[in-house]
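These notes concern the structure reproduced below.
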Protein chains: 2
Amino acid sequence: MDATLAALADPTRRRVIDLLRDGPRPAGELAQAVQMSAPALSRHLRVLRAGGLVRAEAGGDDARLRLYSLRQEPFTALQAWLDQVQAFWAERLGSFKDHLETTQEGDRQ
Amino acid sequence: MDATLAALADPTRRRVIDLLRDGPRPAGELAQAVQMSAPALSRHLRVLRAGGLVRAEAGGDDARLRLYSLRQEPFTALQAWLDQVQAFWAERLGSFKDHLETTQEGDRQ
DNA sequence: CAATTGGTTAACGTTACTGTTAATCTTTGA
DNA sequence: TCAAAGATTAACAGTAACGTTAACCAATTG
């Protein structure tokens with residue numbers, strides 16, 4: 001959970017995740033897509049790997065390539081936590097709190 | 001989205017969110033709960049406010065108190081993004097990819 | 001075998017974040 | 001009015017994160 005959100009906190013890493021939604025891609029192609037040096041992106045990929053958000057497999061035809069792809073587990077875990085938070089508004093009492101919140105004026109910043 | 005995940009990246013701030021699931025609390029009480037100086041937590045609360053995750057209202061009886069409570073909007077937005085990512089595994093093709101991922105051995109790192 | 005390519009790690013400077021104490025402001029209460 | 005309480009901002013030191021260039025390793029290709 002901690003490593004997951006730490007990984008997602010960076011815009012570049014979220015961009016990578018969005019790119020991988022179209023399928024696995026080699027590291028170099030990702031670096032080019034996000035307009036960043038290969039070493040810089042390599043470290044981002046390391047963070048994503050540490051959080052379990054992506055995995056790397058060897059490119060079958062060319063063993064130099066590292067094909068990155070998405071992993072489902074952390075996303076599911078994060079959704080579960082968000083569902084718990086959302087439970088705050090789910091019940092009658094929560095809905096009332098929400099009503100108070102969204103109707104009240106004079107919010108100080 | 002960026003401010004939301006930046007706010008959630010810190011464990012202390014997530015702890016605050018979990019505390020607020022039980023209802024609004026004044027800043028001081030939160031600082032005491034997370035075992036941290038009031039100024040330190042005040043800055044965390046500022047980050048949470050900037051991300052729209054919490055709001056502060058004046059304590060009705062004692063105007064010195066700042067009652068913090070959860071806001072739903074950013075959590076819903078984050079869930080929507082996660083749903084998009086999860087769509088990667090939703091369809092038949094996605095399920096197949098997942099199968100490959102979870103069954104394949106020899107994961108490097 | 002030598003040169004190139006894809007990728008990662010090392011070293012470096014810069015910037016941003018975190019927590020503490022001190023100072024500031026507003027509100028409450030003696 | 002004057003002191004104390006709740007909370008935030010200011011100033012400061014320590015640490016971690018980010019991106020770049022340089023060095024390095026493995027695999028491919030001539």
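Owing to the predicted nature of the structure, the values given are computational and were not obtained by experimental measurement. Just so we're on the same page: letters track the sequence lines, and every chain starts at 1.
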Who are the side chain to side chain contact (heavy atoms under 4.5 Å, CB included) partners of [X], not counting sequence neighbours?
{"X": "Gln32(B)", "value": "none"}
{"X": "Gln86(A)", "value": "Trp89(A), Gln72(B), Phe75(B), Thr76(B), Gln79(B)"}
{"X": "Leu5(A)", "value": "Met1(A), Leu78(A), Leu5(B), Leu8(B), Arg14(B)"}
{"X": "Ala27(B)", "value": "Leu45(B), Tyr68(B)"}

> What pairs meet the salt bridge (Lys or Arg N to Asp or Glu O under 4.0 Å) rule with one or both residues in residues 27-41 of chain B, with sequence neighbours excluded?
Replying inline: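 Of all non-adjacent pairs touching residues 27-41 of chain B, those that pass salt bridge (Lys or Arg N to Asp or Glu O under 4.0 Å) are Arg25(B)-Glu29(B).
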> In residues 3-18 of chain B, what residues come within less than 4.0 Å of DNA chain D, judged by heavy atoms?
Replying inline: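 Output list: empty, so none.
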> OP1, OP2 of dG19(C) versus side-chain N and O of His44(B): anything below 4.0 Å?
Replying inline: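 True: His44(B) side-chain N/O within range (under 4.0 Å) of dG19(C) OP1/OP2.
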> If you pin Ser37(A) and Asp61(A) to their nearest nucleotides in DNA chain D, which one's is more 5'?
Replying inline: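 Result: Ser37(A).
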> Rounded to whole angstroms, how far apart are CG on Leu30(A) and P on dG19(D)?
Replying inline: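 To the nearest whole Å, that distance equals 14 Å.
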> How long is the line joining CE of Met36(B) and P of dC17(C), in whole Å?
Replying inline: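 Rounding to the nearest Å, CE of Met36(B) and P of dC17(C) are 16 Å apart.
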> Partners of Arg64(B) by side-chain hydrogen bond (donor to acceptor under 3.5 Å, both in side chains), sequence neighbours excluded?
Replying inline: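 Result, side-chain hydrogen bond (donor to acceptor under 3.5 Å, both in side chains) vs Arg64(B): Asp62(B).
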Run the side-chain donor-acceptor check on residues 34-43 of chain A: report pairs under 3.5 Å with partners two or more places apart or on a different chain.
{"unit_1": "Ser37(A)", "atom_1": "OG", "unit_2": "Ala40(A)", "atom_2": "N", "d": "3.4"}

>> At under 4.0 Å between heavy atoms, how does the protein contact nucleotides 3-14 of chain D? Give one character per nucleotide, 5' to 3', with B, S or -.
In response: --BSSBB-B---
> How close do Ala7(A) and Arg13(A) get, heavy atom to heavy atom, and via which atoms?
Replying inline: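 That would be O-NE, 2.7 Å.
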